[in-house]
Amino acid sequence: MEEVQDVKISRKKPIFEVGEGLHKYLKMYQRDEKLPIGYKDLLNFTETVPVMDKFGHDTFWETPLYPQHVIDQLYDGLKVIYAKLKASGNTRIVQHKYIDRVEYCGFGNTRPFRIRIVNRLNDVYDYFYIKQADASRIYGLELEEILSPNQVNYMVDQDTLVEEHIVGIPGDVFSQTRMFTPDYNLTRISKEFVKFNERCIITLLGDMRAYNFVMQITPDFDDFQFRIRAIDFDQQFYEGNPKVYMPQFFKENYPYVKLAMEHLTEKTVLQYQQEERSSIVHRVRSERHRIADLRDASQMQVLSTAENIKQLREGYAEFYQNNSYLKCKTMTDIVELNVKNVIRQVQM
């Protein structure tokens, strides 16, 4: 793998309203839901208090303070939303649960709320998120569902997006504190980063710095298995710089790049890239109708700027040495050509 260069993203991506085509797609695939409260209802706080971690460092999350007369209605609505997310609306699962806290992050693109819900019978807790519905993010979640080995659980109601919490160790925390655990196979970690990098390049999932993905670790009968999962889809096919879609070029990911350079050869890197492409081809074949519907929906609305599309198609034409990219008119066209090229390579 190439050495890390720091990739800059100049400013926040604008939020793209969910268009009619995407709304129809969400309804067709049962992602739309009528919710008792929306994102805007959670904005009715009077002030916020910073949330600090156990070491006294600012987490960039805040605790919003709501007027007493709205708290009961708000919290009851949040429990119903959790029931819809986890159990198709069966409110029996929240009978013994309570909303422990609501946290707000004005730092993120979609200014998310993080909700902690606790079972009062055994103190087991879970999280879910409520965000502004951004078309780019929804397309990212759908591509993750279709083209990656991971499943995502989310719902949309007009301008409100609800997402399930994705469990795992934050990528930056893992590289700083867990990566060199004696029982861990460093070659397996390197392999997973290569495959994750390849998946981001193909699906145009951008800004995968270490704090925007988590590491999931599963003990196997003779070793540990590793899976890198994206948790932030805000930068889905918006930026024009091709390196934004290549995690290997972010300085925050240097520990993973260094590990891969030390434990993999050029031949094994190519092998793992080919494995990931083959997996994507299998998923495309089994979900070809859904992919076609998603493509048609995405072609009906603006998801980037003409300048970014021009820059990216030229960058990918150079990266793949393929002038077919110069004919792409949208970001969707580039993703579609990426997938078609992967299918051709696997069939060769």
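Computed from heavy atoms alone, side chains included, the values below leave out hydrogens, waters and symmetry copies. Please read these numbers as outputs of a predicted model, since none were measured by experiment.
Under the side chain to side chain contact (heavy atoms under 4.5 Å, CB included) criterion, S304 pairs with Y238, N308, I309, M331, not counting sequence neighbours. When the side chain to side chain contact (heavy atoms under 4.5 Å, CB included) test is applied to D293, the partners found at least two apart in sequence or on another chain are Y25, M28, Y29. Looking at residues two or more places apart in sequence or on another chain, you find no salt bridge (charged side-chain N to carboxylate O under 4.0 Å, His left out) involving R288. Partners of C200 under the side chain to side chain contact (heavy atoms under 4.5 Å, CB included) rule, at least two apart in sequence or in another chain, are F196, L205, M208, P247. Applying the side chain to side chain contact (heavy atoms under 4.5 Å, CB included) criterion to D157, with sequence neighbours excluded, gives K34, L35. Partners of Y272 under the ring pair (Phe, Tyr, Trp, His ring centres under 6.0 Å) rule, at least two apart in sequence or in another chain, do not exist in this structure. For K84, the salt bridge (charged side-chain N to carboxylate O under 4.0 Å, His left out) test picks out E33, with sequence neighbours left out. Every residue was checked against the salt bridge (charged side-chain N to carboxylate O under 4.0 Å, His left out) condition with E318, not counting sequence neighbours, and none meets it. For Y98, there are no ring pair (Phe, Tyr, Trp, His ring centres under 6.0 Å) partners two or more places apart in sequence or in a different chain. With sequence neighbours excluded, the residues satisfying salt bridge (charged side-chain N to carboxylate O under 4.0 Å, His left out) with R101 are E103.
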Sequence neighbours excluded and cut-off under 3.5 Å, please list the side-chain donor-acceptor pairs for residues 165-177, or say none.
residue	atom	partner	partner atom	Å
H165	ND1	Y129	OH	3.1
S175	OG	G171	O	3.4
S175	OG	D172	O	2.9
T177	OG1	V173	O	2.7

Tabulate below the donor-acceptor pairs under 3.5 Å that side-chain atoms of residues 62-81 make, not counting sequence neighbours, or state none.
residue	atom	partner	partner atom	Å
E62	OE1	T48	OG1	2.6
Y66	OH	L42	O	2.6
K79	NZ	K97	O	3.4

